[in-house]
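Comments concern the structure below.
Numbering of residues begins at 1 and proceeds along the displayed sequence. Computation of the quantities below employed the complete heavy-atom set of this structure, encompassing side-chain atoms and omitting hydrogens, waters and symmetry-equivalent molecules.
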Amino acid sequence: VFKTPLIQIKNTTFNVKIADTPELRAKGLMNQPYMSPSDSMLFVFEKPKKASFWMKNTYVALDILWINSLKKIVDIKEDAIPFTTIPLTPEHYASYVLEIKSGMVRELGIKIGDTVKFIYIPY
């Protein structure tokens, strides 16, 4: 039975699209016109890195969270502006990056050091 991948942060659950190939990571949330507050995209990397992100062809403002192999948030960039090509680069290495709708970090009080729980995600 297929189970929908989920992520939980601070008792809030997000539906997850997983980007775990170079093609899916390159596309990300580009050209997606809408994102609900419960949607997210998880980028999975083969090894920890300082992965930079930009908002080219991204219609929805995002909060971006970099997560280490222990599932702890190590960096946060809030309110990434749609269509900008300026790279957003973390200060720390991360194994995962989670994109959520802009404003969710503030609304939920998400902070560096918070734990992210993966549910039905094989990483």
Side-chain angles (χ1 to χ4, degrees):
V1 174
F2 177 76
K3 299 190 180 194
T4 303
L6 303 169
I7 281 189
Q8 190 173 55
I9 307 172
K10 298 217 174 240
N11 297 318
T12 298
T13 302
F14 296 91
N15 299 312
V16 180
K17 291 181 182 176
I18 298 176
D20 57 359
T21 67
E23 296 79 21
L24 290 172
R25 287 191 295 265
K27 182 178 178 193
L29 291 170
M30 286 184 181
N31 302 311
Q32 184 172 314
Y34 174 78
M35 183 176 189
S36 82
S38 63
D39 290 337
S40 69
M41 177 164 269
L42 181 69
F43 295 80
V44 178
F45 301 101
E46 291 81 21
K47 61 182 183 177
K49 62 191 285 181
K50 288 186 177 184
S52 293
F53 283 72
W54 64 359
M55 299 291 290
K56 182 178 179 180
N57 298 322
T58 305
Y59 289 79
V60 181
L62 299 172
D63 290 343
I64 304 173
L65 295 78
W66 284 263
I67 303 164
N68 70 14
S69 61
L70 302 175
K71 313 287 193 316
K72 299 276 187 192
I73 298 170
V74 296
D75 211 332
I76 298 172
K77 304 288 186 201
E78 293 184 60
D79 305 317
I81 300 167
F83 301 105
T84 57
T85 56
I86 298 167
L88 301 170
T89 304
E91 295 193 24
H92 301 91
Y93 285 82
S95 297
Y96 312 96
V97 172
L98 184 69
E99 294 181 338
I100 57 178
K101 189 165 186 169
S102 180
M104 295 305 295
V105 164
R106 197 168 25 263
E107 182 178 321
L108 299 174
I110 296 170
K111 295 180 176 52
I112 291 173
D114 285 349
T115 299
V116 178
K117 183 176 180 184
F118 289 16
I119 304 168
Y120 308 127
I121 298 173
Y123 303 102

Q: Side-chain contact test, heavy atoms from C-beta onward, threshold under 4.5 Å: evaluate it for Y96 versus V116 and give yes or no.
A: no

**Q.** Side-chain heavy atoms of I9 within contact of L65, under 4.5 Å
**A.** yes

Q | Verdict with supporting geometry, Y59 and F83, side-chain contact (heavy atoms from CB on, under 4.5 Å) | A | CA-CA 7 Å; Y59 289 79; F83 301 105; 3.5 Å; yes

Q: State, to 0.1 Å, how close D114 and G109 come at their nearest heavy-atom pair, and which atoms those are.
A: OD2-O, 3.9 Å

Q | Check: F45 and V97 side chains under 4.5 Å, non-hydrogen atoms | A | yes

Q | Minimum heavy-atom distance F14-L108, with the two atoms named | A | CZ-CD1, 3.8 Å

Q. Does the side chain of K71 come within less than 4.5 Å of F118's, by heavy atoms?
A. yes

**Q.** Electrostatic pair D75:K50 at N-O distance under 4.0 angstrom
**A.** no

Q) Is S102 close to L62 at the side-chain level, that is, under 4.5 Å between some pair of heavy atoms? A) no

Q: Please report the C-alpha distance between D79 and R106 in whole Å, then the side-chain angles of each, then the deciding distance to 0.1 Å, and finally whether the side-chain contact (heavy atoms from CB on, under 4.5 Å) criterion is met.
A: CA-CA 10 Å; D79 305 317; R106 197 168 25 263; 3.3 Å; yes

Q | Taking every non-hydrogen atom, the tightest pair across A61 and P82 | A | N-CG, 3.5 Å

Q | Validation row: I76, D63 side chains within 4.5 angstrom (heavy atoms) | A | no

